[in-house]
Every structure is written in C-alpha cells, then in structure tokens.
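Below is one structure; the comments refer to it alone.
Here is the naming used below: chain letters follow the sequence lines, and residue numbers restart at 1 for every chain.
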Protein chains: 2
Amino acid sequence: MALTGIDVSQTASAARIVFEALRKAIVTGELKDGDPLRQDAIAQVFNTSRIPVREALAMLEQQGLVRNQRYKGAVVTGLSIEEAGEIFEFRCLVEAHVMRAAVPRMTPEIIATAHAICEEFAVEQDPMRWGDLNRAFHGTLLAASGLPFHVSTLDSAMDRLDRYLRAQLLLTDGQNRANGEHRAILAACARGDADAAAELAVAHVRGANAALRVHLARIKAGFGQS
Amino acid sequence: MALTGIDVSQTASAARIVFEALRKAIVTGELKDGDPLRQDAIAQVFNTSRIPVREALAMLEQQGLVRNQRYKGAVVTGLSIEEAGEIFEFRCLVEAHVMRAAVPRMTPEIIATAHAICEEFAVEQDPMRWGDLNRAFHGTLLAASGLPFHVSTLDSAMDRLDRYLRAQLLLTDGQNRANGEHRAILAACARGDADAAAELAVAHVRGANAALRVHLARIKAGFGQS
DNA sequence: GTAACGCAGATAGGATACAATATACAACAT
DNA sequence: ATGTTGTATATTGTATCCTATCTGCGTTAC
C-alpha cells in the first residue's frame, strides 16, 4: 500500500463554503455596511439551494458580521466609532498579553516567516492584499503563544475591524506607518524583548484606531464623500 | 390609543429557540461532553423539522459549544484541563479590565441588585441555581462598564467554562468560597475601589480554576468515579 | 389632497422528499 | 477462526414545495 491520498472527509459542506466566502467578502469590505444579503441571490451564485445559505447566515450572525431580522433578511452589520474604539481597546488588551506569551516561544523559523511577510507587505503594489498580509503578519507572531482561545478571539475581533483598517490603509499614509511599526515589533521579537514587543503592538493598534477615527470623522464632516 | 403591547416581531424563529435551549442545556451540563446531538431527535423534541435544528447546530458550532463532523453529526465539545486553564486566564485578563472600567460607573441601584443576587446565592438551596446566580452576579457588575463587546466575549468564555464551574461548586466547599469572594468584590465596588475589585475578581477566577484542576485531577486518578 | 385600506409581488421560514454518506452486521472466502 | 466484502439501516446534506410575513403601489373614502 504505497498509495498517497488526501483526506476526502475534509471536503467542506456547501454551508461552510458559503460561510467562508461571505465572511471574506464582508471582512474585506467587498460587501459594505447595510448591504442586504438575499438568500436566493446567494444560492444562485453558489449554485445551491437556500438551505446551506441560511446556515451560513446563521453562522455569520453568531460572528457578529450580519444581523438577521425575521422575515426581512440579513444585512451586513456596521460599526459605530464607539464600537470600533471598544474593539480596538480589546485588541490592545489581549494582543499585549498574547504577545508577551508568544515572544519567548518564537523559533527562528517563525521570525523568518514573519520577516518574509513583512517584506512582502512593504513592496506589495496591490492594496487589496495589504489587509491579508497585515493579518498574516500578526497571526504568525501571535500563533507562537500557544494560546489558541486568545488568538481565535483576536481573530474574531479583527474580522469586525478589518474592513475599516483596510479602508484606512488605502486613504492615508497607513501602509508606510504600518510597515515601520511591523518592523519594530519584529525586531523586538527577534531580540526576545517581550515587554517591548507587547508595548509596540499596543501602540501599533492604537495608532491604527486614531487614524481611523480621523478618517471617519472626515467622512462624517462631508469631506470624504465622492 | 392607550394600548400597550409587546413587540410581536421579536417572536423568535424556531432556529433561535432551539439554539437557546441547546445552549443552555450544554452550558448547565445537562448535555455532557461527547454527547451526540441527533437532528431528528432534537427536531421531535421541539416539534419541528430538522432545518431549524441544523441552523441551531451551526450557530452552536460558531460558539465552540459543539463540533460538527460531516455526515457524522454534532457532539458536545469538551475541554481539556489545558484549554480550560487558558480560558480562565482569558477571563482574568478581560474581567480585570472590565471591572476597572465598571466600578466608577456603578450606580447605587446596580450595587443593590448585585447585593440582592449575592444574598440569594448565599441562601439558595437548589445547587442547580447556583450557576445562574453566579453568572447573574458577575454579569450585573460587568454590565456597568459600558463595554458590550468585552462583556459578550466574557459571556462566550463563561459558556465554555460554566459546566465545569457548576460541577466544582457542587463537589467542594465551592459555594461558601464563592459567596465570600463575591461579598469582598461587592464591598470593593461599593467603596469605589476599582483596583481592589479587579484584583479580587482575578483572585476569584484563579481560585475557581485551581479548585477545578484539583477536582479534575482527582477524577482522572480514579477517586471521583461513581 | 390626504390618509387609510387592500391587493400583488417579493422574500424569509419551515416541512417534506430525496440523495449522499457512514456504520453495523451478516455472509462468505481463505 | 479471521479477515474481507456486501448489504441494510441510520443519519446527515440538499432540493423543492408550501406557508407566513413584509413592502410597495394603487384605490378609495373622507
């Protein structure tokens, strides 16, 4: 028996595929706040029936990405400035803790991987990929912590914030700033300075929040309208 | 038109009812780790079809309370000692932060409500209600923080831990200990000492974790078997 | 003219029916 | 006896159909 095969049982159900696709579309901002999600339309896109779509919407609601109103349908949930601010503070709190736990456990391989992502981020031309690379960078470092519950909670928080972060990266000097801060965090990790890495991570998150507030305030004041 | 009525549109869908009922059954320990959840059986219990049941199971999976395996069905997820320990530490981290934010915002009414729950907890005979009262106590204080995302995250963490806490309350001197610690926390809140309240809350959570570890270790060693 | 009413189309919720897959067990070959 | 294979049954995944509810627009009463 020298036969190599892939685990067929892992083939995802339609519901899971739809869930992941919708999740990504919401997180990246492809689907915007308040956009209605029509079961029929989604079912057609994925060439399936509405049953798996409904399961996907139920899951998205649990993640806080969608609001479901009986007999009215699902819409993408937005965030107020206040809500976004709270979630940023949550990230600061938890990410600092996780980073402190992660630094002493980082192998040279992890540092190298993060470094590669960092460099790719710096030279990437396509703004659509910045968000992905940003999350990959943070995810790589945090995963070393061995604290999967904390990390998954941060992931969930990031899902709520990511569209706003992506928008902010595009419209300001965000990419450069993020790039510099990522390098500083990585350097602290590489020299094993957990406290510095945690502090830099917090500053990084707070900076993004501040930039975002300015950006949203401008839009609200009518400057950002197209 | 002096007619008062309730918002009929809030009548929950079958999926939501099933979700809440299963969630409560899992959280309270009525459904135990590894118990299989048969769609047909659940549908019969709630006198509905399998469609809403499947949506409920999808939601429970997002909450981490259930694991769904394609064509095999859903089972209640258990927690290893390590996983439970991590979630306890998460609670310590977040609850301390939320408590610090909550104390300066606590009104006399909130203190009074928490006090009433505390006293009810002390004299309650039915062990099945201890868990509910414990959560109500913590929830009342934390809600004052005005940090709904943090609080909902803590709630989700509690959902994962609660069955173990309830079991531990039953088998040790847990109720007395919890009761004393609750009163100490409440006293700190009442005198506006946020730092003390946060520290006491952390000690309270860590104590529960320690008691639980001892309890689980005993079971593992064969002492706790019936 | 305005506001209430009613109807029609659109859309979500749910039940039933069918397909796909897993599991247990019996029959069979060795 | 043991291991393999076929088959029956249980269970999950999905499609289709029906029902309940919402929404928008035209009608009508005042």
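Partners of B:R129 according to the side chain to side chain donor-acceptor pair (under 3.5 Å) rule, which considers only residues two or more places apart in sequence or in another chain, are B:E120.
Listed candidates were C:dA22, D:dT11, C:dA12. Nearest to the side chain of A:Y71 is C:dA12.
Side chain of A:E86 to backbone of B:F149: a donor-acceptor contact under 3.5 angstrom is found. Formation of a donor-acceptor pair under 3.5 Å by the A:E55 side chain with backbone atoms of A:F19 is not found in this model. Of the possible donor and acceptor atoms, one in the side chain of A:R105 sits under 3.5 Å from a partner among the backbone N and O of A:A144. For B:S145 (side chain) and B:V98 (main-chain N/O), no donor-acceptor pair under 3.5 Å exists by modelled atom type.
Of the inter-residue distances, the one linking B:D155 atom CG with B:H138 atom NE2 reads 11.5 Å to the nearest 0.5 angstrom.
Residue-to-nucleotide contacts include a donor-acceptor pair under 3.5 Å from the side chain of A:R54 to the base of C:dG14.
Residue A:L57 is classed as having no contact, given no heavy-atom separation below 4.0 Å to the nucleic acid. Across all strands shown, A:A74 has no heavy atoms under 4.0 Å from either base or sugar-phosphate atoms.
Residue pairs meeting the side chain to side chain donor-acceptor pair (under 3.5 Å) criterion with at least one partner in residues 38-49 of chain B, sequence neighbours excluded, are B:Q39-B:R50.
OP1 or OP2 of D:dT23 lies within a sub-4.0 Å distance of a side-chain N or O belonging to A:K72. Look at A:Q39 and you'll find a side-chain N or O under 4.0 angstrom from OP1 or OP2 of C:dG13.
The separation between B:Q44 atom CD and C:dG14 atom P is 18 Å, rounded to whole Å. Atoms CZ (B:R16) and P (C:dG13) sit 10 Å apart, rounded to a whole Å. The nearest whole Å value for the distance from the CZ atom in A:R38 to the P atom in D:dC22 is 14 Å. Look at CG on B:N68: it is 9 Å from P on D:dT12, rounded to the nearest Å. Regarding A:E55, its CD atom lies at a distance of 13 Å from the P atom of C:dG14, rounded to whole Å. Regarding A:Q69, its CD atom lies at a distance of 11 Å from the P atom of C:dG13, rounded to whole Å. Going from atom CZ of B:R70 over to atom C1' of C:dA20 covers 8 Å, rounded to whole Å.
Across residues 45-53 of chain B, B:R50, B:I51 each have a non-hydrogen atom less than 4.0 Å from an atom of DNA chain D (numbered order).
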